[in-house]
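Inspection log for the structure reproduced underneath, given as structure tokens.
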Amino acid sequence: MTAVLFALSKELKALGVPRGEPGFKIRHLIKKHDIKLFSSNYSLYGNMSSRVMDTLSQFSPDIEIYSIDEAFLLLNGFDYLNLTEYCKIIKQTVEQWTGIPVSIGIGPTKTLAKVANRIAKKYKKFNGVFDITDHPKIDKILEITEVEDVWGVGRQYGKMLRRNGIYNALQLSMQPDGWIRKSMTVVGLKTAKELRGISCIDLETDIPAKKQIVCSRSFGKPVDTFDEMFESVSDYCTRAVAKLRRQHSVASMITVFIGTNRFKDEPQYSNSATARLLSPSAYTPDFLVTAHRLLKTIYKDGYNYKRAGVMIADIMEEKSAPLNIFNTEYVGGNKKDLMDCIDTINTRWGRDNISFASSGIKKSWSMRRELLSPRFTTNWDELPVAIA
DNA sequence: TCTGGGGTCCTAGGACCC
DNA sequence: TCTGGGGTCCTAGGACCC
């Protein structure tokens, strides 16, 4: 079992299991409490997520889909309603239409809404909805919110703040601006102001194009041959460029990185190399050729590699890509037509229906997903069956 | 002995998020 | 045996320009 736990049920959290814990470390708990582990199932989660988000969109014209399981809704102009009651209807509707339970926090800023959401989730008596706006006990609520539970305060800042005697959200909100700015940059200052009820982090309603695209994986088994490494890097590169095309962008920088298993007591090596393309492109072979060249410069024999990845950067919109004198343009030629054709086929008939030979066929190095749950909503063969 | 000032761009590193 | 993957933003410092 190679699993790392990164989504935990509240029962598992109650047992004190931290996020990011490797599965093998809690083997005793798994046995004792009959815990079920599942490999990540992106097609199921992605599909259920968009069902939830579609439902939420019915309740406000302004919605920011923040992550696969979180969204911000702007309720300005809804003041004539009792917001708590309104959000109870939202919660109920999501549950009824998708089967997914949600909790909702209401606040004058995103950061306070996140605080409110923690309260909604934590205390049963609120039935999953809590409004912190103009709450008479707002100071008390901030006081019982540990400082590292504030959105924007992670482990490092958490440690630093505690060293300085700041243990909770209330204390953080009361620090002088100058000090916060100096020790946590303007990002931290925004967080503190948001805790005071001053909105500094805007709602982002349209999905911004990615500025960098990474595709990297840990191998299912150690890789110690150039050929296998070559295949895996080709595979990640192909996926990254496909993502690039999906957002109608082109890019001109590529980085390849490889590394050994840092947890193992054996010779360690990691390295990366970056190159620039002649002109911005989204043509997979342009990137593959460069990736192969880069890999040759960093690959060293004699190591057990655990990880490899490809990063694409210097991304711009396809339509604003400049022309150049080498006549290597992606847009307006056969290159784009060919890619469009491949993408269409792979969308229609499944990923990797057409792939590049350099990615290999067997993919012996790829990650195993032994505990995969069925793709209930996205695959005909795995639909749930009702038995009468 | 004296050695400008202001601006931009790029990169690496460090923080954060889920 | 076994330790994830994919993003963002900010800052400091160096290179370079006039």
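So you know, we letter chains A, B, ... as the sequences are listed, proteins then strands, and number each from 1.
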Would you say A:Lys210 reaches C:dT8's phosphate, i.e. side-chain N/O to OP1/OP2 under 4.0 Å?
no
The remaining residues in the hydrophobic cluster of A:Leu383, counting side-chain heavy-atom contacts under 4.5 Å among Ile, Leu, Val, Met, Phe, Trp and Tyr, are A:Trp380
Which part of the nucleic acid, if any, lies within reach of A:Gln212 when heavy atoms closer than 4.0 Å are counted: base, sugar-phosphate only, or nothing?
base
Looking only at side-chain N and O atoms, does A:Ser40 come under 4.0 Å of OP1 or OP2 in C:dG5?
no
Does any donor atom in the side chain of A:Ser364 or A:Glu228 lie under 3.5 Å from an acceptor atom in the other side chain?
yes
Using the test salt bridge (charged side-chain N to carboxylate O under 4.0 Å, His left out), find all partners of A:Glu148 that sit at least two apart in sequence or belong to another chain.
A:Arg162
Closest listed nucleotide, where the reference is the side chain of A:Pro22 and the choices are B:dA15, C:dG5, C:dT3
C:dT3
Starting from the 5' end of DNA chain C, give me the residue, A:Lys190 or A:Arg307, whose nearest nucleotide shows up first.
A:Arg307
Taking side-chain hydrogen bond (donor to acceptor under 3.5 Å, both in side chains) as the cut-off, I'd like each qualifying pair that reaches into residues 203-212 of chain A, sequence neighbours left out, listed once.
none
Who clusters with A:Trp97? Use side-chain heavy atoms, under 4.5 angstrom, across I, L, V, M, F, W and Y, and order the result by chain and number.
none
Which part of the nucleic acid, if any, lies within contact of A:Ile213, taking any heavy atom under 4.0 Å across all strands shown: a base, the sugar-phosphate backbone alone, or nothing?
sugar-phosphate
In whole angstroms, the gap separating P of B:dC18 from CG of A:Asp149 amounts to 11 Å
Which other residues end up in the same hydrophobic cluster as A:Val214, if Ile, Leu, Val, Met, Phe, Trp and Tyr are linked when side-chain heavy atoms come under 4.5 Å apart?
A:Phe257, A:Met311
Stretch residues 226-259 of chain A: residues that reach within less than 4.0 Å of DNA chain B through a heavy atom:
none
Closest nucleotide among B:dA15, B:dC18, C:dG7 to the A:Gln156 side chain:
B:dA15
In whole angstroms, how far is the C1' atom of C:dC2 from the CG atom of A:Leu371?
13 Å
Please check if any side-chain donor atom of A:Ser234 sits under 3.5 Å from a side-chain acceptor atom of A:Ser359, or the reverse.
no
I need the residues from residues 175-185 of chain A with at least one non-hydrogen atom less than 4.0 Å from DNA chain C; give them sorted by number, or say none.
A:Arg181, A:Thr185
Closest listed nucleotide, where the reference is the side chain of A:Val4 and the choices are B:dA15, C:dC2, C:dT3
C:dT3
C:dG6 phosphate, OP1 or OP2: any side-chain N/O from A:Arg217 under 4.0 angstrom?
yes
Are any of A:Lys159's side-chain N or O atoms less than 4.0 Å away from OP1 or OP2 of B:dA15?
no
The side chain of A:Ser67 lies closest to which of these nucleotides: C:dG5, B:dC18, C:dC2?
B:dC18
Here the side-chain hydrogen bond (donor to acceptor under 3.5 Å, both in side chains) pairs for residues 47-60 of chain A, sequence neighbours left out, are A:Asn47-A:Arg51, A:Asn47-A:Thr377
Among A:Phe230, A:Tyr305, A:Tyr269, which one satisfies ring-ring contact (aromatic ring centres under 6.0 Å, His included) with A:Tyr299?
A:Tyr305
Touch class at under 4.0 angstrom, heavy-atom based, for A:Arg262 against every strand present
nothing
When you compare C:dC18 with B:dT3, how far apart are their P atoms, in angstrom units rounded to a whole number?
25 Å
Just the rounded figure in Å: distance from P of B:dC16 to CD of A:Glu148.
10 Å
A:Phe263 side chain, from C-beta outward: closest of C:dG4, C:dG7, C:dG5:
C:dG4
Write down the distance between CZ (A:Phe219) and P (C:dG4), rounded to a whole number of angstrom.
13 Å
Quick one: which of B:dC16, C:dG6, B:dC18 gets closest to the side chain of A:Cys215?
C:dG6
Distance alone, cut at 3.5 Å: any donor-acceptor contact between the side chains of A:Ser67 and A:Asp69?
yes
Would you tell me if any nitrogen or oxygen in the side chain of A:Ser218 comes within less than 4.0 Å of OP1 or OP2 on C:dG5?
yes
State, without any angle test, whether A:Asp131 and A:Thr133 hold a side-chain donor-acceptor pair at a distance under 3.5 Å.
yes
Residues in salt bridge (charged side-chain N to carboxylate O under 4.0 Å, His left out) with A:Lys336, at least two apart?
A:Glu318, A:Asp340
Just to verify, what does A:Asp177 make a salt bridge (charged side-chain N to carboxylate O under 4.0 Å, His left out) with, not counting sequence neighbours?
A:Arg196
Sequence neighbours left out, what passes side chain to side chain contact (heavy atoms under 4.5 Å, CB included) with A:Phe126? Give chain and number order.
A:Ile119, A:Tyr123, A:Phe130
Could you write out DNA chain B as a dot-bracket string, with dots for unpaired bases, | for bases paired across to another strand, and Watson-Crick or G-U pairs counted at under 3.5 Å?
....||||||||||||||
Roughly, in whole Å, what's the span from NZ in A:Lys211 to C1' in C:dG6?
15 Å
Can you tell me the distance, in whole Å, between the CG atom of A:Leu29 and the C1' atom of C:dC2?
16 Å
Checking contacts here: which listed nucleotide (C:dC9, C:dG7, C:dC10) is nearest the side-chain heavy atoms of A:Val187?
C:dC10
Considering only side-chain heavy atoms of A:Val186, which listed nucleotide, B:dA15, C:dC10, C:dG6, is closest?
C:dC10
For the pair made of CE in A:Met160 and P in B:dG14, what is the distance, rounded to whole Å?
16 Å
Measuring from the side chain of A:Arg27 (C-beta onward, heavy atoms only), which nucleotide among C:dT1, C:dT3, B:dC16 has the closest atom?
C:dT1
Mind calculating the distance between CG (A:Asp314) and P (B:dC10) to the nearest angstrom?
8 Å
Between C:dC2, B:dA15, B:dC18, which one does the side chain of A:Lys306 approach most closely?
C:dC2
